[in-house]
Visitor: 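Would you mind keeping the following structure in view while I ask a few things?
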Amino acid sequence: MTAELILQTLLSGLLMGLIYALVAAGLSLIFGLMDVVNFAHGELLMVAMFATLVLHNLLGLDPLLLLPIVAVLLFGVGMAIYRLLIARALSVTFNTGMVQIFVTFGLAIFIRGAAQFFFGGEFRSINNSWLANKTVALAGIYIPLPQLAASVVCLLAFALLLAISKTEFGRALEATREDREAVGLIGIDRDRIFAIGWGMGAAAVGVAGVMLANFYYISPQVGANFALIAYVTVALGGFGSLGGALIAGIVIGEVEALSALVLEPSLKQVGMFAIYLAVLMFRPRGLFGRL
Amino acid sequence: MLQLESLSASYRGLKALQGISLTVNAGEIVTVVGANGAGKSTLLKSIAGQVAIEGAIRFDGEDISGLASHKIARLGINLVPEGRRLFPRLTVNDNLRLGAYAKRGDPDRFKPLDLVFDLFPRLGERLKQRAGTLSGGEQQMLAIGRALMTQPRLLMLDEPSQGIMPRLVDDIFAAVVRIRALGVTILLVEQRLSEALSIADRAYVLQTGRVVMSGTAAEIAADESVRKAYLGV
Amino acid sequence: YPLTGNGAQVGLDAKAAYEVEADIINGTHPKIPMLMGEGGGLKNLGGAHIKLVFADSQGDPQKARAEAERLITQEHVVAIVGSYTSATAATISQVTDRYEIPYMSADNSSPSLNQRGLKWFFRTSPHDEMFSAAMFGFFKDIGAKTGKPVKSVALFYEDSIFGTDSSNVQRKLAGAAGLTVAADIKYRANSPSLSSEAQRLKAADADVILPSSYTSDALSIVRSMNEIAYKPKAIVAQAAGFQESGFLTGAGPLAEGILSRSSFAGDAIKARPAIVPVQELFKAKQNKSLNDNTSREITALQILADAINRSGTGKPADIRTALIATDVKGIDTIMPWVGVKFDETGQNIEGTPVIQQVKDGTYVTVWPFDVATTDAVWMK
Amino acid sequence: MSHLLEVDKVSKTFGGVAANSDISFNVHQGEILGLIGPNGAGKTSLFNSISGEVEPDSGEIRLDGVRISGRGPVVCARLGIARTFQVVRSFDSMTVLENVMVGAFARTNSPGKAMKKAESVLDFAGLSGRVDTPAHLLSPPEKRRLEVARALATEPRILLLDEMLTGLTPTEAQAGVQLIRDVRASGVTIIMVEHVMEVLLPLIDRAVVLHLGKVLTEGLPTEVVRHPDVIRAYLGDRYAAA
Amino acid sequence: MAGSILGHNSIQRRRRLELIVGLIVLAGLCLLPLVVKDVYTQNLIILTILYAGLAQAWNILGGYCGQVSLGHALYFGIGAYVSTMLYVKLGIPPTLGMFAGGLVGGLFALLVGWPCFRLSGHYYAIATVVVGEIGYLLFLNWDFIGGASGINIPFKHESLVELQFRVTKVPWLYLVIAYAGLAWIIAWIIEGSRWGYSWRAVKDDVTAARSLAVRVFPSKMAAAAISGCLTGIGGAIFAQFVGYIDPDSIMSGNLSILIALPAVLGGVGTLWGPLVGSALLIPLKELSSSYLGSSGSGLDLMIYGALIVLIALARPQGLISLLGLFRKPEGAR
Ligand SMILES: Nc1ncnc2c1ncn2[C@@H]1O[C@H](COP(=O)(O)OP(=O)(O)OP(=O)(O)O)[C@@H](O)[C@H]1O
Ligand SMILES: Nc1ncnc2c1ncn2[C@@H]1O[C@H](COP(=O)(O)OP(=O)(O)OP(=O)(O)O)[C@@H](O)[C@H]1O
Ligand SMILES: [Mg+2]
Ligand SMILES: [Mg+2]
């Protein structure tokens, strides 16, 4: 095993980890900051990827240029999901937790069915984007451009989300999670706050979807490949902690890459899950969890 | 300023309020008296838009019944709820500042902070502490402070002295009087009847969801049946 | 067939393939130069039409089993054709044996299926052992021809029944042929990233990479190899994902030069004249060319229909007798095979695979040299 | 006189805040002890230590000479400590009777016996009319009664009441006082925390005053309320005159 | 009057009534084979009842005890593999093997519970998903038990002890009725016992439960053991019924959710919820995929998904609340 190989592995682990973090960013917001388990997270990612594909084919624009459009689109989707479903799920007085889980689970199945209905089961890819299949070499280490771009976008997205969470809106969001009834008493419209929160979460997923579409295949099932990792990332980082999700994403990416190198690759996810469980044994609230 | 006309409210078919009519004039302290479960909290929550109701609620002559609670709050009606309902994981500072959230864009929106720290100096000392770790009395101060931050015109207090040590009880009643002096109208629910009646202008007596008596605070305090029923004398 | 789920597209294509073949058998049209190509239904059964009933296995063995039972007891089918994944074939073949209904496996390639002592199981297409044997035969021939023999191979296969079965045979054959196995990589299907796996392949740098993957991972691995600028000397795929149109369009230029075994040679139109008209019909329906799977499906139904026709009664037992007696020549099918003839396990022993290579975005046949339409580009 | 419960130099800090420091006092068999002190003095924290909910950092709590501190709430409850909570905790998916049965199962495995016990305790607590009501539909004073009934069902030797009379009108408080007296008469020792002096003082036999996590003073209720430090820290001006 | 027959107070009355209705339902189910003759419907009924049992098993941990486990496929798979391996390798008939499977399933539930019960809320739920996934991956790569290829249970001969039936479904029907009945009666017994009360107390308020001498961790472990054991038995039955097992079909995360879903939609923490939930959900799922799925359009998934959303929103307390008879007292949570 050469040093080069190890370096290359560490690098791809890092790049992949940042992508996991990017996918988890939106989840961290919805899951961590609003305390709603969103089982349709992977499906939102899939929707974003299809949106990128369709717009790319329709407008001929490069995915990178589509970034704002898809983000806005997903923002709308997120708001709509909140207004149509989640607001209702939150207002039930009766085993709210489970209702949330299974409403989003049902939604996930529905979205998957819809994607199948409209796009069929074919695997699609975007090949003619600026970044597609491009790689730069640096001292014998290869850096794939689409992943690099995704990592940069990931860091930007986290910086942005972190900044937002520090604003007054961020505190209002936290307050709303703490006590959904009481915020009304001080003139905060909880549905608006949460709808925007969902919109932001979904927009973050939208960004992740665009970046993924640059180098990953697209199919109605694609969300499932990332969803579980996203949940684990958020839980490992700790609910309510954006920074935790970022670091957890990197940890998971590295663990995955390294275990694929030293273990049987088909068991690499076992390595990554085992690390997660081990951490939870010592820190039941994840690395940086507050909740 | 506030007028209720045959207001009814129910929880899952259980009537908690039935045909309440009640008026609060600008600048008054009005207190509502009643046994446990009489519907006092429900009454305040109805006005704040947190309970589904029938009947009319008029604020400054405008019907506000059915309005969402945050809209009512923005009109200047504010409730310090039973059990305080703070945001326990946020700091004292954040709790207070969020009180002014609805007024974003108004440069003066944090002005009431001075008043709050003046009324409750303790809060000024604990700005960085998480609200959840405050002691009971401090939490009550914070709840009132947060309500003041919204610059209310009508402040409703639900049992502000509950769980408060005797020394602070008097402070809180004193604060209520001071707040009124600043031009805020007050609707007060209290179990410490004698104290409440001593600072109130007028009072209503609630029994199983109905108003059974109303009058000036002095009249009510003097009423034989009230003394028997609620003061245990 | 899995009509939903990750394998959904395969199922949808298969459905179209069967419909095309049923139309050929039932419909009226100019004669297509192959068995059952005249149209007009089943002659011996008074021109009866083949009626297809589709069921969705969702790739789930339990589901496949229940659906098979439904087809038999509710829809009263006389035979079942299917079913892509080996796991579903395993339960369906049990059901058909219990109910004594012929089961025509069109595209399962697991060698274990016909070795279970099933009486009602028939498979027209070659299985993995035959396929892999063809690959190694190709290595020998091409080595002799170009003077660049294969010395080492890298196994790269998904952690499914298909992947492990395929790799087991390849490992065995590599040993028998005296080749080094430079890498033996079992990977997790549908992983978000295969970059570490690609690096292991690069580190091993075998003469030939032998992947057994479905479409999703086929796409991932060629991209991951490209990302670390690894250009393998040769890739010879166990068909599956590598033969799908989604892979060819998705991988684009990256697919160029990849070799794959196939049971179908779409470009061998001289040797198999029926391909052109069938191809046209399929294209009209599904807007894509026939591939390894769809051609096998068409052939499976064709053989089955012929057997039903020859049975004269349409009763399952008679169909089985007719199937056992099947002896069809390759020229009467669209396949490049020698023919169709079942052994006592129900396996077609005359299904001889070919090796194809991607050139300009489509597969062209390069081996056996007698059916090849062009020369292979070998280890540049 | 034998001490039923001994609190011996108990300290507990929460991330820098000394909720209890070096607290010592004794509780006699059969008395009603009032635990008073300003908000944040550490009363609830001490209850948590006595009931085993938290483990003191140092010091020991003994019941009949047996150490109970640090042995967890389950052991404490088994040994005879029962409590109510400052913020009412009820099992909301269960009816009143079922709530109390949970407590009764502390002493028996038989559902039949547990049910009988629960019914008699509910009768005692004046909730016999509400047995089939889901717990979350009770009014606040009823919920507090439910907590008392549930605690009594565990057949405790000591009952810790944390602000159980709060939020009641004086008349209702009288009824609560009567219930507490009845409990004591049935042989259970009581420690109670309460801020409403008018109700508390006539009820208790002795008072321990906490301030800033320490014992400020202890003694007869009449003595304690005259203690200048208690007036300054806790009672405020209006008791100064009295 | 009814009171004196059924018991002197409301709880006893309700429990006796439930038992009587349970027996009636059981009798009704036993008569089913006389009415339903076609194999497809029988298949459907068998699955539905099997899932009712599984959902009840889940309900014991997830419903009564409030530990929302999304990794039950692990115990299901372990039960299936244990009994199948015993049968295929050692020839031990599955009628015995399924109890071994249940035992091992229960053991694993304890093993998983040991670390996971220290986690709360979503942390617990995700940890169970992950544990389930680890189990799945390990089984997928474990060659001794067939790895990804799975195990085929060959049909040898008709045998009741070995649960081998060529085409008839009737014995299966009775077997799953016995299984679901067992799960139901266990739930019924526990509901009225100390454990049942402990679990519900733990679910509602851990702190208060502890203060009443409820031993929280052992309670959860007991619930896990019973739940895991019943799930394992269900897995063993399923394996024998299908005749083929592989990790994909019996250990995937989807299955974990499918085990939990009927209980949640039917009414979580109730005696009848799992039964009602399965009775609606499983036929719906199977029928829609049989009749709509073959078009491959995803329409069936859309309907199935939308239905889950609708039920969860419209009937948060579960479908069971539509049936007034077993309703918990007004407004119960
Ligand atoms: N969330 C609720 N759900 C159902 N019933 C409720 C709810 N809140 C209050 N009630 C019922 O409504 C009636 C009135 O309650 P309310 O809280 O308004 O009384 P209150 O006068 O404020 O009493 P207290 O002095 O105890 O605060 C009571 O019978 C109570 O049980
Ligand atoms: N878990 C905790 N973390 C941090 N601080 C705590 C914690 N629990 C209690 N405290 C602090 O310990 C001190 C004592 O709290 P405690 O609840 O015992 O007071 P109390 O005497 O019961 O007051 P009150 O009369 O208001 O109920 C308070 O300052 C409180 O903020
Ligand atoms: Mg109230
Ligand atoms: Mg306290």
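Quick note: numbers below take in every heavy atom, side chains included, and nothing from hydrogens, waters or symmetry partners. Naming: A, B, ... by sequence-line order, numbering from 1 per chain.
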Visitor: CD of B/Q151 to CG of B/D108: how many Å apart, nearest 0.5 Å?
Guide: 8.0 Å

Visitor: Is there any residue in residues 68-81 of chain B with a non-hydrogen atom under 4.5 Å from a non-hydrogen atom of chain A, and which ones are they?
Guide: B/S69, B/H70, B/A73, B/R74, B/N78, B/L79, B/P81

Visitor: Side-chain contact, heavy-atom cut-off 4.5 Å: A/M272 with A/I229?
Guide: yes

Visitor: Salt-bridged, B/D171 to B/R122, with N to O below 4.0 Å?
Guide: no

Visitor: Is a donor on one side and an acceptor on the other found under 3.5 Å between the side chain of A/H41 and the backbone of A/A24?
Guide: no

Visitor: Counting only N and O atoms by type, is there a donor-acceptor contact under 3.5 Å from the side chain of B/T31 to the main-chain atoms of B/L188?
Guide: yes

Visitor: Give a yes or no on whether a salt bridge exists between B/E28 and B/R202, defined as a side-chain N under 4.0 angstrom from a carboxylate O.
Guide: yes

Visitor: Which one, B/D94, B/N95, B/T150, leads in non-hydrogen pairs under 4.5 Å with chain A?
Guide: B/D94

